[in-house]
Trainee: 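Below you will find the structure I want to go over with you.
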Amino acid sequence: MAPTTPHLTPKRRSRADLRELMLVAGLELIAAQPHINAAALNYKTVFDHLQQTREIRVTHASVHERIWPSQRAYQLDVLRRAAEGLPAPTFLDEAGAAATVVREADLETNDGRRQATREMIRVSCNADISSADVTLSVYRTIRMALAGLDESDDEYPLVERAIEETRVELGARYVELFHALTAALRLRPRAALGTDLETTLYRLFAQVVALADGFTIDGADENRLELPTGPNGELQDWHLYSWSVWSAARTVLELDGEMPDEDRAL
């Protein structure tokens, strides 16, 4: 009698391993999306992704009610995991557009500092709006998820806490960058506002986030402008988001140093 080949059954993954696999797959799908849509992060999409990228078959029954009580609970877990990795290294990097402009600028004259501030905002914000900024996209998506929940929902406190923790962490990182830039450009809060630098920069961060939220809805190719803002009045490419951030910065910051007050405006 010919020997038979034993049938090898794949080892069943533990709940912890399967949970991690699903979360990693969700993060991969988020990274591939120009604008994150939590609703599109459904079980089937994730199952298909795992099948295509790893040849791993996962079924609805293996995760639903075994790991997550609902698909929405899974989506929120992915978003919370994404929030833990924020902020993404966009123009926060020392080698990024903002820092590069400041390093190469003429900071010895008041006009040079004004030009450097405006150019730093134009270049960095133009780049920011043109790319899939995972930092702000995840932040925005988590907030939208909260807006879709009723306050009586069991998951509401968890999402609310994730948003608050993300806001604080993201804000701290951006304000750290803003501190470095305002020090290099020798800027200070506008005296007429009566606020300290830390408060001023946190408020500016809140404006930047709100502006990014609004303008990304229209897409990077919309709201483009050409304005005569070059060193000699040359036309330069602006996105309305960048111009709005520049306008916001001018309302809260001014030049520091020994000079008449009328010369401090950016």
Trainee: Are side-chain heavy atoms of Gln207 and Val245 found at a separation under 4.5 Å?
Mentor: no
Trainee: Once salt bridge (Lys or Arg N to Asp or Glu O under 4.0 Å) is applied, do any residues pair with Arg224, and if so which ones, sequence neighbours excluded?
Mentor: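 For Arg224, the residues satisfying salt bridge (Lys or Arg N to Asp or Glu O under 4.0 Å) (neighbours in sequence not counted) are Asp237.
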Trainee: Tell me, please, which residues at least two apart from Arg113 pass salt bridge (Lys or Arg N to Asp or Glu O under 4.0 Å).
Mentor: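 By the salt bridge (Lys or Arg N to Asp or Glu O under 4.0 Å) rule, Arg113 matches no residue at all.
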Trainee: Going only through I, L, V, M, F, W and Y residues with side-chain contacts under 4.5 Å, is there a path from Val46 to Leu27?
Mentor: yes
Trainee: Taking all non-hydrogen atoms of both residues into account, name the closest pair between Val252 and Leu193 and its distance.
Mentor: CA-CD1, 3.7 Å
Trainee: Would you check if His60 and Phe47 make a side-chain contact, meaning some heavy-atom pair closer than 4.5 Å?
Mentor: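 Side chain of His60 against side chain of Phe47, heavy atoms only: contact under 4.5 Å found.
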Trainee: For the residue pair His64 and Tyr43, categorise the inter-ring angle as parallel (less than 30°), tilted (30 to 60°) or perpendicular (more than 60°).
Mentor: perpendicular
Trainee: Counting only N and O atoms by type, is there a donor-acceptor contact under 3.5 Å from the side chain of His239 to the main-chain atoms of Glu222?
Mentor: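 Here the side-chain-to-backbone pair exists.
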Trainee: With a sphere of 6.0 Å drawn around CG of Asp221, does it hold more than 12 non-hydrogen atoms of other residues, nucleotides or ligands?
Mentor: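 Incorrect, the count does not exceed 12.
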Trainee: Can Val101 and Ser124 be said to form a side chain to side chain contact (heavy atoms under 4.5 Å, CB included), step by step?
Mentor: CA-CA 9 Å; Val101 168; Ser124 60; over 6 Å; no
Trainee: Working to the nearest 0.5 Å, report the span between CD1 of Ile121 and OG of Ser244.
Mentor: 11.0 Å
Trainee: For the residue pair Tyr74 and Val63, establish whether any side-chain heavy-atom pair is separated by less than 4.5 Å.
Mentor: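 Side chain of Tyr74 against side chain of Val63, heavy atoms only: no contact under 4.5 Å found.
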Trainee: Report the distance from atom CG of Asp106 to atom CD of Glu104, rounding to the nearest 0.5 Å.
Mentor: 12.5 Å
Trainee: Which atom pair, heavy atoms only, marks the closest approach of Leu50 to Ala25?
Mentor: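 That would be CD2-CB, 3.7 Å.
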Trainee: As an exercise, state the distance from OG1 of Thr117 to CG of Leu255, rounded to the nearest 0.5 Å.
Mentor: 7.0 Å
Trainee: At what distance, to the nearest 0.5 angstrom, does CH2 of Trp246 lie from CD of Glu119?
Mentor: 11.0 Å
Trainee: Any chance you could lay out the side chain to side chain contact (heavy atoms under 4.5 Å, CB included) test for Gln236 and Leu227, step after step, and finish with the verdict?
Mentor: CA-CA 5 Å; Gln236 291 183 304; Leu227 298 170; 6.0 Å; no
Trainee: Does Phe178 offer a backbone N or O that forms a donor-acceptor pair with the side chain of Thr182 under 3.5 Å?
Mentor: yes
Trainee: Within this structure, what is the CZ-OG distance for the pair Arg118 and Ser247, rounded to the nearest 0.5 Å?
Mentor: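 Reported value, rounded in 0.5 Å steps: 11.0 Å.
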Trainee: Please walk me through it: do Leu181 and Met120 pass side chain to side chain contact (heavy atoms under 4.5 Å, CB included)?
Mentor: CA-CA 9 Å; Leu181 293 173; Met120 177 269 295; 3.9 Å; yes
Trainee: Compare every heavy atom of Ala116 with every heavy atom of Leu107, then report the nearest pair and how far apart it is.
Mentor: CD2-CB, 3.9 Å
Trainee: Assess, by modelled atom type and distance only, whether the side chains of Arg72 and Gln75 contain a donor and an acceptor separated by less than 3.5 Å.
Mentor: no
Trainee: Would you confirm whether Tyr174, through its side chain, and Val208, through its main-chain N or O, come within 3.5 Å as a donor-acceptor pair?
Mentor: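 No, because the side chain of Tyr174 does not come within donor-acceptor range (under 3.5 Å) of the backbone of Val208.
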Trainee: Should Phe215 and Leu240 count as side-chain neighbours, where that means a heavy-atom distance under 4.5 Å?
Mentor: yes
Trainee: Quick check: closest heavy atoms across Leu18 and Ser62, and the distance to 0.1 Å?
Mentor: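 Looks like CD2-O, 3.5 Å.
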Trainee: Just so I know, are the side chains of Gln115 and Pro231 near enough to count as touching, which here means a heavy-atom distance under 4.5 Å?
Mentor: yes
Trainee: Please list all pairs passing the salt bridge (Lys or Arg N to Asp or Glu O under 4.0 Å) test where one or both residues lie in residues 60-70, with sequence neighbours left out.
Mentor: none
Trainee: Kindly give the heavy-atom pair with the smallest separation between Gly233 and Pro228, and that separation in Å.
Mentor: O-CB, 3.4 Å
Trainee: If we ignore hydrogens and angles and just use 3.5 Å, is the side chain of Arg264 paired with the main-chain N or O of Arg190 as donor and acceptor?
Mentor: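 Pair absent, no side-chain N/O of Arg264 close to backbone of Arg190.
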Trainee: With heavy-atom distances below 4.5 Å as the criterion, would you say the side chains of Thr229 and Leu235 are in contact?
Mentor: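 SC-SC contact between Thr229 and Leu235 ruled out.
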Trainee: Could you tell me whether the side chain of Asn232 and the main chain of Glu234 form a donor-acceptor pair under 3.5 Å?
Mentor: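 Absent.
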Trainee: For residues 51-60, which residue pairs pass the salt bridge (Lys or Arg N to Asp or Glu O under 4.0 Å) check, not counting sequence neighbours?
Mentor: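 Listed once each, the pairs are Glu28-Arg54.
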Trainee: May I have all residue pairs that pass salt bridge (Lys or Arg N to Asp or Glu O under 4.0 Å) and include part of residues 244-260, sequence neighbours excluded?
Mentor: Arg188-Glu254, Arg188-Asp256
Trainee: Are Trp238 and Asn126 linked by a side-chain donor-acceptor pair shorter than 3.5 Å?
Mentor: no
Trainee: Kindly write out the residues that satisfy side chain to side chain contact (heavy atoms under 4.5 Å, CB included) with His179, not counting sequence neighbours, or none if the list is empty.
Mentor: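 Listed in chain order: Val175, Leu197, Glu198, Leu201.
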Trainee: Of all heavy-atom pairs between Val102 and Ala184, which one has the smallest distance, and what is that distance?
Mentor: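 Minimum heavy-atom contact is CG1-CB, 3.6 Å.
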Trainee: Quick one: do Met22 and Asp77 satisfy side chain to side chain contact (heavy atoms under 4.5 Å, CB included)? Show the steps, please.
Mentor: CA-CA 10 Å; Met22 288 284 293; Asp77 255 5; over 6 Å; no
Trainee: Just verifying a value: how many Å separate Leu187 CG and Thr200 OG1, rounded to the nearest 0.5 Å?
Mentor: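 Here the rounded value is 11.5 Å.
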Trainee: Is there a path from Leu23 to Ile56 through hydrophobic residues (I, L, V, M, F, W, Y) whose side chains come within less than 4.5 Å of each other?
Mentor: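 Yes: a chain of side-chain contacts under 4.5 Å links Leu23 to Ile56.
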Trainee: Using modelled atom types only, decide if a donor and an acceptor are shared between the side chain of Thr199 and the backbone of Thr195 within a distance under 3.5 Å.
Mentor: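 Not confirmed, Thr199 side chain does not pair with Thr195 backbone.
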